[in-house]
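The structure under discussion appears below in the form of structure tokens.
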Amino acid sequence: MASIKPLSDRVLVRPVEAEEKTSSGIIIPDTAKEKPQRGTVVEAGPGKVENGTKIDMSVKKGDEILYGKYSGTEVTLDGEEYLIMRESDILGIVS
Amino acid sequence: MASIKPLSDRVLVRPVEAEEKTSSGIIIPDTAKEKPQRGTVVEAGPGKVENGTKIDMSVKKGDEILYGKYSGTEVTLDGEEYLIMRESDILGIVS
Amino acid sequence: MASIKPLSDRVLVRPVEAEEKTSSGIIIPDTAKEKPQRGTVVEAGPGKVENGTKIDMSVKKGDEILYGKYSGTEVTLDGEEYLIMRESDILGIVS
Amino acid sequence: MASIKPLSDRVLVRPVEAEEKTSSGIIIPDTAKEKPQRGTVVEAGPGKVENGTKIDMSVKKGDEILYGKYSGTEVTLDGEEYLIMRESDILGIVS
Amino acid sequence: MASIKPLSDRVLVRPVEAEEKTSSGIIIPDTAKEKPQRGTVVEAGPGKVENGTKIDMSVKKGDEILYGKYSGTEVTLDGEEYLIMRESDILGIVS
Amino acid sequence: MASIKPLSDRVLVRPVEAEEKTSSGIIIPDTAKEKPQRGTVVEAGPGKVENGTKIDMSVKKGDEILYGKYSGTEVTLDGEEYLIMRESDILGIVS
Amino acid sequence: MASIKPLSDRVLVRPVEAEEKTSSGIIIPDTAKEKPQRGTVVEAGPGKVENGTKIDMSVKKGDEILYGKYSGTEVTLDGEEYLIMRESDILGIVS
């Protein structure tokens, strides 16, 4: 499989599809407020360089993360959909 | 229960619903000026890194806070609604 | 009474209503130019942190201040209206 | 008379009304290009703080200054109109 | 052949045309989300200078890279189409 | 004559009217691309202060300069039209 | 001939007209994507000053350069058309 090494503070994320239905089966329409989604970090970049100093990443390969609905750029690798986003687009780590 | 560790200077907040009625029962419409809301900090991130130095957080787990009406991103955890926002979106601590 | 501790360089202000009439009783309509208003600082934050250094506040509890008409966020505490704004929104101190 | 102490690098200015007529009495309409106006500095702030260092003001009480037409915020003190603006809105000193 | 030496942190990229059809032959319309594309770095600049310090490039000649659909400026050299883009427009390296 | 001392990195410029006709007398309409104009520096400010350090001016009194068509603010002094602009609006010195 | 000394990191460029026809004579319409153009650096400024340090120029008099279609400001000198642009508008050097 082709693999991607993200640059700077970017991460490659395999998204978990957000459920668009409530438990009772009602479809939830998009609202003005962006809904976060979950995903798994497949590959993490080396970190951003600021004034010549590398800033360590706060997430690593395997972390399950939350991110905003419109974060990142879609990438298709071997027929699967991934997202590449900056660490600043990640809201938190699920544990 | 799944738990979230917010990144950088973000906090996970359990909101207290703002009352949309006056004491006499009149419904208050939204106005141009954003109304702040209250919530409780459920989890706080480690703090923002600026030029390689970590800036300590000013709020901690358990603090009751005020924030602007459209601050943060909604997150659903185990069926409950939370908000993830940056510390800079927090107006003050209620004591 | 519940009290608010503003974060960073924010202040909690009890506004003095701007008069919307001239002395002869003519009502003044809003104009394009924002009219400042007066208020009293009820509580001041600890000051902004810039590059790890805390910048002292220039206003303190009790100061009567001038600020632009659309500055700050409205907060209701125990039925009274307050404003939370950043020090940079304050134009000057009335003495 | 109530007096104002401007904060940061702001100044309190008593404006000199710009003439809206040519010497031959023709009224000049507003154009796209903003016309500067003159005023006198009534009170000057202590100066802006940048990275913990106070930057001295370049104007002082009594200076006659030029500024752009839409600069500053109008303030009414004891029935007279003043402007509060930042030093960066001042174009030059008239001498 | 004329050759280009990109300035600062820019790279000269020979793009690989993105497929606009699925394997079953259905044409994919443009969507709101920008699709990344692949290309090969033909020439890399010396790196950006920040506060007098040169920041080394993270990509080099020959790297196969991913970038957003609207990144860079098209350049025609000897009848072939290239792109010149900044390193910050590169999402990752394909390996 | 009243004289102006520009603040910071501003200059007072006496503009040379750009010719709006070609040599054969055809009037040139405004185009999307801004046409530069010429002028003479009548007075130069002391220079901008950046992080407490004064940056010397690159132009001086008497220099003939080029600047973009919509640069600066018009000032009328003793019936003559001048411009006050920042040094960053000056494209080059004519020699 | 009048000569121009560009200020800061600007360069004076004599443009080479981009061909608007293909080799077979078909006229190419403007597209959304800006087409770069070629030119020769006629005069280069001394370089930008950042925090009191002069940053050396990466291009010099005589360099043939590529730049975006809408970069720079047109200047007419002795009846010839030139462009004044910042070094950051230059994409690369043709060699």
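Every chain is numbered from 1 and lettered A, B, ... according to where its sequence line falls, protein lines coming before strand lines. Note that the structure is a prediction, hence the values are computed from the model and not measured.
Interface remark: Ile55(C) contributes side-chain atoms only to the contact with chain D (heavy atom separation under 4.5 Å).
Between chain C and the residues Lys5(D), Glu43(D), Met85(D), Arg86(D), the most heavy-atom pairs under 4.5 angstrom are made by Lys5(D).
Here NZ of Lys48(D) is found 12.5 Å from OG of Ser88(C). Values are rounded to the nearest 0.5 Å.
Each of Leu91(C), Ile65(C), Ile90(C) was evaluated against Leu7(D); a single residue qualifies, Ile90(C), per the side chain to side chain contact (heavy atoms under 4.5 Å, CB included) test.
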